[in-house]
Amino acid sequence: MSNASTNQETVHKVSFLDRESLHIPILKILQADGTPYEEAVLPQIDEALAKRIYDACVFTRVLDERMLGAQRQGRISFYMTCTGEEAAILGSAAALDDKDVILAQYREHAALRYRGFTTEQFMNQMFSNEKDLGKGRQMPIHYGTAALHYQTISSPLGTQIPQATGVGYSLKMKGERNVAICYFGEGAASEGDFHAGMNMAAVLKSPVIFFCRNNGYAISTPTEEQFAGNGIASRGVGYGMHTIRVDGNDMLAVLAATQQARAYALEHNAPVLIEAMTYRLGAHSTSDDPSGYRSKEEEAKWREHDPVKRFKLWMINKGWLAEADDEAMYERYREEVLAAVKVAEKIPAPRIDEIIEDVYDEPTPLLKKQLESLKAHVKKYPQAYPKTAGRL
Amino acid sequence: MAEMNMLQAINSALRIAMEKDPTMLVFGEDVGHFGGVFRATSGLQDTFGRGRCFNTPLTEQGIAGFANGLASNGTTAVAEIQFADYIFPAFDQIVNESAKFRYRSGNEFNVGGLVYRTPYGGGIAGGHYHSQSPEAYFTQTPGLKVVVPRNAHQAKGLLLASIRDKNPVVFFEPKRLYRASVGEVPEGDYELPLGKAEVVKEGKDVTLLAWGAQMEIVEKAAEMAEKEGISCEIIDLRTLSPWDVDTVAASVKKTGRLLINHEAPLTGGFAGEIAATIQEECFLYLESPIARVCGLDTPYPLIHEKEYMPDALKTFEAIKASVNF
Ligand SMILES: Cc1ncc(C[n+]2csc(CCOP(=O)(O)OP(=O)(O)O)c2C)c(N)n1
């Protein structure tokens, strides 16, 4: 008797529901000055965890700043920042077990750092050199590593959402005490894959945390032109899912929500939706110019809600961080990133043989033939294919 | 005439079509106020209002289904799919619905007056998902027209013809030429015929056939070959479905040789279809096997983009091999 029409209150006059009928509060724990709200219930966090989170925050800020610079200098072709969304990404990542599977959209490198991706590994991917785990096949920022349970980024939006449902179900069937977490933007939540993935997760009972970064824009499209409903959270409820909306710039709120979401997903073998309200402070990508669609004032207003600063103030209040140490940390990472850039850009590109590898588990006869004729061609015109000619 | 790049030419075509057809709507991801990520729709919202040029939510499936609905009810619909790589979420709506609306309803309903514009192709360091050439998935679908312009002038004339065609059209725009291809383009209204190839250059030893961004490549290869005394005839297919068998066959009957160049992978690519048909039409005239210079049978790579591409050097080598067979 699970049909929604049974056991329901009845009325005898027409009465419609609208988006306001659903009250979805926003969880906030930290105030702007870094002190918790009086009645706030703090997440489980100790000094070591706080430091691990903050370290990834600083690294991500530095990486974003440096790589934007590197892109402008023409050293890498493309970049996307996490700036402004660090609390959403790290607050959630820090609530997980390191073996929980992450399926990200593309702006979540802070979580990858938190898991232990090294500066060198970041650089190898961005410079598409022969040490890149993805073998130089995808654009910068499409990271992935099985060792850290972080699935490789795919550009088509939303495709990771039903996949996460599958990963969660697989974890459940194997009896592993792990969940999948799936990140996506509020724009990607318009894709058909979103609806398919959410519905399947709820019906099939897959332990997966759907984490929406509602950052205000999908490239140039503001949320008012993206959806007319009560955000993304209302849809979770619609699919029959445990749902929460959090202040995405509040590290502790995101951490608290995700810790409980994870516990619930494991206990009930069920999905949870978290909608984190945040803001994309930077351009969509290095190919984008936000001045064409939003005002400087709007961005400035959001800078006052800087999630890294808020968390830092909390750390300082706790006595877990000193201003001087903070500056030293930034400086150390600036040097480390710059040094890693210099190393990575000198490492050669993958060998040409790799072009036909991993299309299938084994190259097909036709692929082998194509490689042979390509190599013969490159040998004939080495000056035209400088990246590979010297390494045949 | 004015100097325009391809984006300006497309913009001009859309503007003219919207002026003349008050039902016409232009929509897609980011196409509204911002003018699209490539700026092809710049200024249209300012001129025609948010009702006629607008952002859609981020769903290609939705965009295509919506476009089908509009067109089936008599509204001219020009939908932008931000990159051809992202046309696949819309695949069902395009190949099962747009393509078959007329046939399955006995022409009770049709979606003439529907164009999907989408930037395709590589050469821009875009890796897998910003470089694909998916035209062959659509040429195998009866009911769709597939059009690919090679420069600004062609883009405007072919787009205007596509918008006014009575059939749904998938219009692939070579993004690496968007700003690079600049030329004289009439400011007014003109159409170039769909279904007709264009002989871009006459020659007598070998016919080179391509479309879109690869036209530049075959032209470069032809120059190299001419220096070796080989005379190339160059044809731009322009419309892949329905394609102009007669023009290609007449040329091959004259030159005795055919080389087809496309960026998409070799296997299952549209060159295979052309080769089979031309072999049938011109068997006794052929002096050498029909050559295909295409992308490799791999996903589109990033770092090995140059190696992957059917570039001018590979084309030049294939021309020589064909002539010296
Ligand atoms: C299927 C598909 N369509 C279009 C794109 C092009 N695209 C890349 S990012 C993006 C906007 C995504 O916005 P959102 O999901 O809100 O994430 P945000 O970038 O704001 O973090 C678009 C349209 C794509 N990658 N995939």
Side-chain angles (χ1 to χ4, degrees), chain A residues 77-78 128-130 132 134-140 142 154-159 185-194 218-222 225-228 284 287-288 292-293 349-350 352 354-359 364 366-367 370-371 373-375 377-378 380-381 384-388, chain B residues 28-39 42 50 54-63 65 82-83 85-90 92-93 124-131 265-267 293-309 311-314 316-318:
Chain A
S77 56
F78 178 83
S128 308
N129 67 32
E130 67 175 1
D132 167 27
K135 303 183 187 172
R137 293 186 183 132
Q138 290 208 78
M139 284 165 72
H142 289 68
S154 174
S155 312
L157 287 164
T159 48
E186 84 290 346
S190 291
E191 292 282 0
D193 273 347
F194 167 86
I219 310 188
S220 76
T221 304
E225 295 177 39
Q226 192 63 249
F227 52 77
H284 168 72
S287 312
D288 174 47
Y293 53 85
I352 199 170
E354 289 193 354
I355 198 170
I356 62 157
E357 284 166 17
D358 308 317
V359 180
T364 61
L366 189 54
L367 278 169
Q370 291 183 0
L371 177 64
S373 72
L374 174 61
K375 281 171 137 176
H377 180 76
V378 171
K380 187 159 186 188
Y381 295 102
Y385 308 92
K387 278 216 175 81
T388 48
Chain B
E29 293 157 14
D30 300 291
V31 309
H33 171 67
F34 188 52
V37 293
F38 291 103
R39 303 309 182 89
S42 270
R50 293 172 80 107
F54 50 91
N55 289 340
T56 62
L58 213 173
T59 162
E60 295 74 16
Q61 174 183 37
I63 292 168
Q82 201 163 79
F83 285 89
D85 312 73
Y86 305 135
I87 206 164
F88 296 109
D92 181 46
Q93 281 289 342
I124 57 142
H128 287 186
Y129 297 117
H130 299 85
S131 305
L266 176 88
T267 300
V293 183
C294 302
L296 302 178
D297 285 336
T298 70
Y300 202 107
L302 178 78
I303 196 69
H304 291 133
E305 173 166 46
K306 225 173 152 26
E307 287 77 8
Y308 170 95
M309 284 289 264
D311 62 6
L313 280 173
K314 291 180 190 170
F316 172 57
E317 287 298 311

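Just so it is clear, the structure is predicted and the values come from calculations on it, not from any experiment. Below, chain A is the first sequence line, B the second, and so on; all start at residue 1.
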Side chain, backbone, both or neither: which part of Asp85(B) has a non-hydrogen atom closer than 4.5 Å to chain A? neither

Measure across Leu58(B) and Gly187(A) and return the closest heavy-atom pair with its distance rounded to 0.1 Å. CB-O, 3.3 Å

Engaged part of Ala189(A) at the chain B interface, taking heavy atoms whose separation is under 4.5 Å: neither

Thr59(B) to Ser190(A) - nearest heavy-atom pair and separation: CB-O, 3.2 Å

Count the heavy-atom pairs under 4.5 Å between each of Lys306(B), Glu29(B), Gln61(B) and chain A, then report the option with the highest count. Lys306(B)

What part of Glu317(B) lies closer than 4.5 angstrom to a heavy atom of chain A: side chain, backbone, both or neither? side chain

What are the two closest non-hydrogen atoms of Leu302(B) and Gly136(A), and how far apart are they? CB-O, 3.4 Å

When rounded to the nearest 0.5 angstrom, what is the spacing between CZ in Phe54(B) and CD in Glu225(A)? 10.5 Å

Side chain, backbone, both or neither: which part of Thr267(B) has a non-hydrogen atom closer than 4.5 Å to chain A? side chain

If the condition is side chain to side chain contact (heavy atoms under 4.5 Å, CB included), which residues does Gln93(B) pass it with, not counting sequence neighbours? Ala64(B), Asn68(B), Glu97(B)

In terms of heavy-atom contacts, does NZ of Lys387(A) have more than 12 from other residues, nucleotides or ligands at under 6.0 Å? no

Sort Leu371(A) into side chain, backbone, both or neither according to what part of it lies under 4.5 angstrom from a heavy atom of chain B. neither

Return the minimal non-hydrogen interatomic distance between Ile352(A) and Glu307(B), and the atom names on each side. CD1-CG, 3.6 Å

Check whether Phe316(B) gets within reach of chain A through its side chain, its backbone, both or neither, counting any heavy atom under 4.5 Å. side chain

Glu60(B) and Glu191(A): side-chain contact (heavy atoms from CB on, under 4.5 Å), yes or no, with the steps? CA-CA 7 Å; Glu60(B) 295 74 16; Glu191(A) 292 282 0; 2.7 Å; yes

Which residue out of Gly126(B), Gly32(B), Ala125(B), Gly62(B) racks up the most heavy-atom pairs below 4.5 Å with chain A? Gly126(B)

Judged by modelled atom types alone, do Tyr381(A) and Asp311(B) share a side-chain donor-acceptor pair under 3.5 Å? no

Below 4.5 Å from any heavy atom of chain B, which atoms of Ile355(A) appear? Answer side chain, backbone, both or neither. both

Determine, stepwise, if the pair Asn55(B) / Gln226(A) fulfils side-chain contact (heavy atoms from CB on, under 4.5 Å). CA-CA 8 Å; Asn55(B) 289 340; Gln226(A) 192 63 249; over 6 Å; no

Under 3.5 Å, side chain of His130(B) to main-chain N/O of Ser155(A), donor-acceptor pair present? no

Atom of Ser220(A), atom of Phe34(B) and distance for their closest heavy-atom approach: OG-CB, 3.3 Å

Of all residues at least two apart in sequence or in a different chain, which pass the side chain to side chain contact (heavy atoms under 4.5 Å, CB included) check with Thr159(A)? Ser154(A), Pro156(A), Gln163(A), Asp193(A)

dist Tyr308(B):OH -> Leu374(A):CG (nearest 0.5 Å) comes out at 12.0 Å

I'd like to check His304(B) versus Arg137(A) (side-chain heavy atoms, cut-off strictly below 4.5 Å). Are they in contact? no

Side chain, backbone, both or neither: which part of Leu367(A) has a heavy atom under 4.5 Å from chain B? side chain

Please flag which part of His33(B) lies under 4.5 Å from any non-hydrogen atom of chain A: side chain, backbone, both or neither. side chain

Is it the backbone or the side chain of Ile219(A) that comes under 4.5 Å from a heavy atom of chain B, or both, or neither? both

Under a 4.5 Å cutoff for heavy-atom pairs, which residue among Ala188(A), Ala384(A), Ser77(A) has the most contacts with chain B? Ala384(A)

Consider side chain to side chain contact (heavy atoms under 4.5 Å, CB included). Of Val359(A), Ile356(A), Thr364(A), Leu366(A), which one does Asp297(B) pass it with? Leu366(A)

Heavy-atom cut-off 4.5 Å, strictly under: side chain, backbone, both or neither for Tyr300(B) against chain A? backbone

Glu305(B), part contacting chain A, at a heavy-atom distance under 4.5 Å: neither

Could you look at Asp288(A) and say if it's the side chain, the backbone, both or neither that has a heavy atom under 4.5 Å from chain B? side chain

Flag the pair Tyr293(A) / Asp30(B) as yes when at least one side-chain heavy-atom distance between them is below 4.5 Å, and no otherwise. no

Heavy-atom cut-off 4.5 Å, strictly under: side chain, backbone, both or neither for Pro89(B) against chain A? side chain

Among Leu296(B), Val37(B), Leu266(B), which residue forms the greatest number of heavy-atom pairs with chain A at distances under 4.5 Å? Leu296(B)

